[in-house]
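What follows is a single structure, written as structure tokens, with notes after it.
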Amino acid sequence: MTVALCVTAIVVIALLSDITWPYIERLLERRRANREARRHGVAAPYDPGRERRAEQRARELLKSCVNDEEWGMYADLGFIRVWGGQSGLPADAARDLRGVPYAYLIYPHKPIVAYLPQTGQLLNEYCVEFPDETRPYGSARLPDSDDVLAKWMALQGDERRLISEANLHLPGRQIDPKQVHRDIWRLGRWERERLERRAGANPAAPSPPPARHDNPGT
């Protein structure tokens with residue numbers, strides 16, 4: 001089992017690296033250029049459209065990495081649900097889970113929220129940050145979609161490490177529990193409507209009429 005999980009993790013990481021490596025190379029090149037400009041005292045000109053273009057590129061990258069359902073969640077609801085894959089978590093979380101399936105909600109620039117889908121019980125908030133060190137000015141925050149992608153990749157690649165290294169808080173520390181419960185309700189409605197659209201687009205084929213058996217004696 002351990003060997004199979006390791007092989008699966010290696011395959012996932014390899015696939016993600018093929019998709020994201022060109023983007024990472026662009027980030028590194030921009031960072032080197034910005035560092036060189038600062039070393040020579042050259043200030044990068046302010047570009048008012050930079051934020052919008054960066055977010056658009058980030059959305060395209062996110063769409064290329066996540067599956068259709070996850071992209072639909074983000075496009076329609078503004079967050080992504082990721083199912084928990086751990087058989088064991090840190091002791092404080094394990095006491096709550098007891099083997100029950102759990103999930104995470106990933107928001108842009110907000111903590112990751114762990115919860116139990118069956119009951120809606122909120123478990124913890126996990127605060128992690130992925131600063132954008134390539135920016136020569138302004139906020140060091142990543143574009144919204146890049147932040148979501150970074151969290152998604154971290155959970156998919158090494159959930160245990162992300163959870164163990166994140167700042168752990170009880171529900172409600174940074175995100176209003178009412179908002180999270182409302183988002184869980186919106187997610188449930190979104191999934192039901194999605195299933196209904198699928199059913200409407202692929203109606204069951206009508207059953208053929210019963211075979212007719214004429215009485216040869218009539």
Side-chain angles (χ1 to χ4, degrees), residues 1 5 8-9 12 16 55 58-59 61-63 65-130 141-202:
M1 178 63 74
L5 291 175
T8 302
V12 170
L16 290 176
E55 175 58 23
R59 288 179 69 87
L61 179 61
L62 177 62
K63 184 178 181 180
C65 293
V66 301
N67 61 37
D68 291 340
E69 181 184 36
E70 291 169 331
W71 171 249
M73 286 181 198
Y74 185 67
D76 295 341
L77 304 175
F79 58 86
I80 290 179
R81 178 196 58 208
V82 174
W83 294 108
Q86 295 270 114
S87 58
L89 284 171
D92 53 304
R95 283 196 299 270
D96 293 328
L97 298 174
R98 295 294 184 184
V100 178
Y102 61 101
Y104 302 101
L105 296 182
I106 300 179
Y107 297 93
H109 300 295
K110 292 182 180 179
I112 298 171
V113 179
Y115 74 104
L116 299 180
Q118 296 90 338
T119 62
Q121 177 187 353
L122 307 185
L123 300 175
N124 293 306
E125 293 181 359
Y126 298 98
C127 186
V128 293
E129 289 185 351
F130 299 92
R141 298 201 322 173
L142 286 170
D144 286 356
S145 299
D146 272 344
D147 184 72
V148 170
L149 178 58
K151 294 170 182 173
W152 179 87
M153 291 181 66
L155 282 173
Q156 296 287 349
D158 195 343
E159 177 188 350
R160 179 184 293 274
R161 179 178 178 181
L162 177 69
I163 296 307
S164 64
E165 294 182 355
N167 292 325
L168 173 65
H169 300 294
L170 294 175
R173 173 68 180 270
Q174 294 192 45
I175 306 179
D176 186 350
K178 293 181 180 179
Q179 176 190 335
V180 181
H181 284 299
R182 184 165 58 248
D183 287 341
I184 294 173
W185 177 84
R186 291 172 59 219
L187 176 58
R189 184 179 66 176
W190 180 87
E191 289 182 307
R192 290 190 297 272
E193 292 176 350
R194 187 167 182 266
L195 290 174
E196 291 171 358
R197 288 195 299 270
R198 281 188 173 183
N202 300 290

Are there over 12 heavy-atom neighbours, none belonging to D68, within less than 6.0 Å of that residue's CG? no

Say you draw a straight line from CD of Q156 to CE of M153; how long is it, rounded to the nearest 0.5 Å? 9.5 Å

H181 side chain to D176 backbone, donor-acceptor under 3.5 Å: no

Taking side chain as C-beta onward, heavy atoms only, is L187 less than 4.5 Å from F79? yes

Between Y102 and Q121, is any pair of side-chain heavy atoms under 4.5 Å apart? no

Taking all non-hydrogen atoms of both residues into account, name the closest pair between L142 and H109 and its distance. O-NE2, 2.7 Å

Does any part of the side chain of I175, heavy atoms only, come nearer than 4.5 Å to the side chain of P111, both counted from C-beta? yes

Interatomic distance, CH2@W83 vs CD@E70, rounded to 0.5 Å, equals 11.0 Å

Atom CG in D144, atom CG in L149: separation rounded to 0.5 Å? 12.5 Å

Are any of the side-chain heavy atoms of L162 and I112 separated by less than 4.5 Å? yes

Any idea which heavy atoms bring P171 and P177 closest together, and the distance? C-CG, 4.5 Å

Could you tell me which non-hydrogen atom of Q179 sits nearest to which non-hydrogen atom of Y107, and how far apart they are? NE2-CE2, 4.2 Å

Taking CZ in R194 as the centre, count heavy atoms belonging to other residues, nucleotides or ligands within less than 6.0 Å. Is the count above 12? yes

Can you spot which of R198, R197, R81 makes a salt bridge (charged side-chain N to carboxylate O under 4.0 Å, His left out) with E191? R81

In terms of heavy-atom contacts, P108 and K151 come closest through C-NZ, 4.3 Å

Does a side-chain heavy-atom distance below 4.5 Å link V180 with Y115? no

Criterion side-chain contact (heavy atoms from CB on, under 4.5 Å) on L155 and I106, from CA distance to verdict: CA-CA 10 Å; L155 282 173; I106 300 179; 3.7 Å; yes

Residues in side-chain hydrogen bond (donor to acceptor under 3.5 Å, both in side chains) contact with Q174, at least two apart in sequence or another chain: none

Over all atoms of both residues, closest heavy-atom pair of P101 and L116: O-CD2, 3.8 Å

In terms of ring plane angle, is the pair Y126 and Y104 parallel, tilted or perpendicular, where the classes change at 30° and 60°? perpendicular

Got a sec, which residues hit salt bridge (Lys or Arg N to Asp or Glu O under 4.0 Å) with D183, two or more places apart in sequence or on another chain? R186

Salt bridge (Lys or Arg N to Asp or Glu O under 4.0 Å), that's the test. Do K110 and E125 meet it? Break it down for me. CA-CA 9 Å; K110 292 182 180 179; E125 293 181 359; over 6 Å; no

For a quick test of reading the model, state the closest non-hydrogen atom pair linking P143 to E55 and the distance between them. CB-OE1, 3.4 Å

Distance from W152 atom CH2 to I80 atom CD1, nearest 0.5 Å? 8.0 Å

